[in-house]
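Computed from a prediction, not measured in an experiment: that's the story for all the values here. Quick note on labels: first sequence line is chain A, next is B, and so on, each numbered from 1.
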Amino acid sequence: MSTPPSDLPPANFGKAVILEPDWLSSFQGLWAMTWRRKLTVHSLLGLVIGMLALPTLAYFSTEAGDEKVFYYWLINFYLQVVAPLYCLAAFGDLIRDEVQSDTLSFLVTRPVSRSKLFLLKFFAQMLFVQIVLFLAMLLFNFVGILREIPGLGKLMPIFLGVQILSVLVYGALSSLFGLLARKYLVLGIVYGFVVELGIALIPTNINNLAMSRNLRTLLANDETVKRLYSWSAGGTPLAIAILFFATVLFLSLGALLFTYREYHSAEEAQK
Amino acid sequence: MTPIIDARELNRWYGIVMGLNNVSFTIPPGLTGLVGPNGAGKSTLLQIVTGQMQPSSGTLTVFGERPWNNPKVLRRIGFCPEKEAVHQELRPTTWLHSLALVSGMTPQQASQRVEQILEKVKLARPAWKEPMAQFSKGMRQRVKLAQALMHDPDLLVLDEPMNGLDPIGRQEMVQILRDLAAHGASILISSHILAELEPICQGFLILNWGRVLASGSQQEIRTDMRDWSEELAVKCDDPEKLAGFLFRAGVLSGFDLDLAEGGLYLRIKHPASFYEQWARLLLESQVVIHEIRSQSLSLKQIFEKVTT
């Protein structure tokens, strides 16, 4: 092409600050963007209403000391339905949200590999979701105390551990769904019915493929849960291993997909 | 001079739609304008340059390496997209600080850099702490430019940065770009309005329908296109006779007659050979010539001709 502009000095290729983004500093940046975007007045209001809704319903529908109804709210509804659906919405949106709002280009043009960017964004979202669900769990605990539910003190540490693992594995799976399909909510709900509700009930080892089956095994380490639900705590180490392995697998697939696949808004793709 | 960007037989399809069609070019350091009408393939090309898209076939290297998923190259590129989308909930300081951290700066470095850059892009200080949802298009454009400059890139890639700017904003943007170029940054800037870039860019790449129509300096582009862009206006006593004679001689690609004024507008096929024969042809035509004017086209006129 043309000769360089005569009245301008040639570009100094060595001028740029040579940055070597480490995981921590990049995470700090993505974490700041994640929580600040989510804590706007509008989003915060929705979050608080959402967090208060279930414990409030549990409070009004549970008689004092009625552990069966309270555990139904806490485990059957909150842990096995609401928390996974929240993960599906929050993590499925991880990259899609940036694509739809045309802001992904600001991230993928940073000097960070795409797989690292995906993983850091996942962990920033993970931290936020864990905090939200931790607060929701505390609210449930508070309701349980008000309703004089026995054995809560012993359940809560186990419950917290199970919730953390649950968010990890469902978060990783949801982020993969988000990368795979624009309609990740439909994909996630179909998966939930087929695997988490269907395969989980098959009385052979194949039910280990359902994450809910492994989470139940962990919860069964609490005596009250074991008594109320007749779940077995046998194979707890295997259940933990499966949950971790599944998380790593889903995250690796997500990172691989994001490394090789382009993501553009529909309008962009027509240009 | 080693080129910054080197494209060889570059193709990019969107399904059956072709975004770039067998494009080859090099871009040297400096200020280069990427010009073409909407849908010409400018944004596609810029997205490949900035590692957001991959070519369907062919190669494109920036600083000698492919940009896709290449932090080493991306470290040296700053990109300002065309769309005015920004994280509306965030304040510019928060957003830029976060992006600086993602790019690898320490929190202290990031804070300093944010101040420097916001000053550089001339965003009014009271706006620094306001959520970007309240910003005008021009203010967002400045913040977008600021994020592209955060890590002090060697190559700044700007997709239609003048869009939405008022005349003063445009003037300030031009000044910012000139300052950056004067400090050694190379800039690739796209626009569908050539006049915006003509005063600031020395090199141009003109695209249409996914193809490179011309590339080089303004002078080089005129020379490249001379073969089909040359026009002459002739006043004579018998324009019809002259037009017919020249047309039969096979030197014209077309002509227009203005019988009332005795004018004839000639579109010349091959200017170099035409001018060799011109004097002889005029004598042989036996037409009395009163005036000959060259209709030398400006770059803008050439652009409009080739892109419409």
Inset, instruction - Tell me, please, whether B/Phe135 has B/Arg140 positioned over its six-membered ring: NZ or CZ under 6.0 Å from the ring centre and within 45 degrees of its axis? - result: no
Inset, instruction - Using a 4.5 Å cut-off on heavy atoms from C-beta on, say whether the side chain of B/Thr32 contacts that of B/Ile4. - result: no
Inset, instruction - Could you tell me which of B/His87, B/His97, B/Glu89 has the largest number of non-hydrogen atom pairs under 4.5 Å with chain A? - result: B/His87
Inset, instruction - With a 4.5 angstrom heavy-atom cut-off, could you sort out which part of B/Leu99 is near chain A: side chain, backbone, both or neither? - result: both
Inset, instruction - Say whether, by atom type as modelled, one donor and one acceptor occur between the side chain of A/Arg96 and the main chain of A/Gly178 under 3.5 angstrom. - result: yes
Legend entry - Max heavy-atom pair count under 4.5 Å with chain B, selected residue of A/Thr40, A/Val112, A/Val108: A/Val112
Inset, instruction - Under 4.5 Å heavy-atom distance to chain A, tell me which part of B/Thr50 shows up: side chain, backbone, both or neither. - result: both
Legend entry - Aromatic ring pairing A/Trp31/A/Phe27, orientation class (parallel under 30°, perpendicular over 60°, tilted between): parallel
Legend entry - Proximal component of B/Pro131, with respect to chain A [non-hydrogen, under 4.5 Å]: neither
Inset, instruction - Please examine the side chains of B/Met53 and B/Tyr14, heavy atoms only from C-beta on, and report whether any two atoms are closer than 4.5 Å. - result: yes
Check residues 116-127 of chain A and write down every donor-acceptor pair under 3.5 Å in which the side-chain atom is one partner and the other belongs to a residue at least two apart or another chain.
residue, atom, partner, partner atom, Å
A/Lys116, NZ, A/Pro21, O, 2.8
A/Lys121, NZ, A/Glu98, OE2, 3.1
A/Gln125, NE2, A/Ala90, O, 2.6

Legend entry - Region of B/Arg12 that comes under 4.5 Å of a non-hydrogen atom in chain A: side chain
Inset, instruction - Can you tell which part of A/Ser113 gets under 4.5 Å to a heavy atom of chain B, answering side chain, backbone, both or neither? - result: both
